[in-house]
Amino acid sequence: MPTFNEQVYEILEHIPEGRVVSYGDIAKWLLNPRGARVVGWAMARCPEGLPWHRVVRSNGDIVCEGITELRRERLIAEAVPFLPDGRVDIAQCRWVAPPGIDKRF
DNA sequence: GGACTGACCAACC
DNA sequence: AGGTTGGCCAGTC
């Protein structure tokens with residue numbers, strides 16, 4: 001039985017290019033709406049080769065200072081639209097998970 | 001082995 | 001309308 005963050009990494013691998021998801025979304029698919037913190041914890045130790053830059057906050061903002069610029073550059077490189085205030089246009093590129101994604105693991 | 005912590009979110013005052 | 005609080009998992013002290 002894989003641990004929770006293993007499943008988080010699994011989902012991250014499934015995020016298509018040019019799309020983003022919020023921490024809370026992943027949490028909702030995997031356990032419950034309040035598990036977003038765990039997702040953030042999993043991201044904090046981002047294993048290499050993981051597209052962690054496609055995970056943003058629910059309002060599209062990017063929190064962590066220091067990696068914000070890196071994220072922005074990576075997302076722009078993947079044709080992810082940005083809002084004038086520096087946030088990801090999550091309203092347009094929010095990735096909708098296929099139904100039953102939580103049962104796939 | 002218990003307590004605190006963390007790249008969060010939403011429900012409640 | 002804005003600050004506070006509770007809740008989840010795993011890792012560290």
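Convention: sequence-line order gives letters A, B, ...; per-chain numbering from 1. Any value given below was found using the heavy atoms of this structure, including those in side chains, with hydrogens, waters and symmetry copies removed.
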message = Using a 4.5 Å cut-off between side-chain heavy atoms of Ile, Leu, Val, Met, Phe, Trp and Tyr, which other residues end up in the same hydrophobic cluster as A/L83?
response = none
Within residues 47-60 of chain A or reaching into it, pairs that qualify as salt bridge (charged side-chain N to carboxylate O under 4.0 Å, His left out) - sequence neighbours excluded = A/R54-A/E78
message = What range of DNA chain B does chain A touch, first nucleotide to last, counting atoms under 4.0 Å from its heavy atoms?
response = B/dG6 to B/dA11
key: Beyond-backbone contact of A/H53 with A/P51, side-chain heavy atoms, under 4.5 angstrom   = yes
message = To the nearest 0.5 Å, what is the distance between CD on A/E10 and CD1 on A/I101?
response = 9.5 Å
request  = With P as the reference atom in both, quote the distance from B/dA7 to C/dG2 in angstrom, rounded to an integer.
outcome  = 25 Å
query = Base, sugar-phosphate, or nothing for A/I67, non-hydrogen atoms under 4.0 angstrom?
reply = base
request  = Take nucleotides 2-13 of chain C nucleotide by nucleotide from the 5' end and write B, S or -, depending on whether a protein heavy atom sits under 4.0 Å from the base, only from the sugar-phosphate, or from neither.
outcome  = ----BBBBBS--
Can you give the donor-acceptor pairs under 3.5 Å from side chains of residues 31-44 of chain A to other protein atoms, not counting sequence neighbours?
residue	atom	partner	partner atom	Å
A/N32	OD1	A/R34	N	2.9
A/N32	OD1	A/G35	N	3.2

Close residues, residues 75-91 of chain A, relative to DNA chain B [heavy-atom separation under 4.0 Å] = none
remark   = side-chain contact (heavy atoms from CB on, under 4.5 Å) filter on A/P2, not counting sequence neighbours, yields A/E6, A/Q7
key: Other cluster members, A/V80 - Ile/Leu/Val/Met/Phe/Trp/Tyr, side-chain contacts below 4.5 Å   = A/V20, A/V56, A/I62, A/L75, A/I76, A/F82, A/V88, A/I90
query = Under a 4.0 Å heavy-atom cut-off, which of residues 47-61 of chain A touch DNA chain C?
reply = none
query = Can you list, by residue number, the residues of residues 21-28 of chain A that have a non-hydrogen atom closer than 4.0 angstrom to DNA chain B?
reply = A/Y23, A/G24
message = Holding to salt bridge (charged side-chain N to carboxylate O under 4.0 Å, His left out), I want the full list of residues that pass it with A/R87, two or more places apart in sequence or in another chain.
response = A/D85
message = Applying salt bridge (charged side-chain N to carboxylate O under 4.0 Å, His left out), can you list everything that pairs with A/R71, at least two apart in sequence or on another chain?
response = none
request  = Test A/R94 against A/D25 for side-chain contact (heavy atoms from CB on, under 4.5 Å), laying out the working first.
outcome  = CA-CA 10 Å; A/R94 183 177 195 172; A/D25 283 341; 2.4 Å; yes
key: Separation of the P atoms in C/dC8 and B/dC12, to the nearest angstrom   = 15 Å
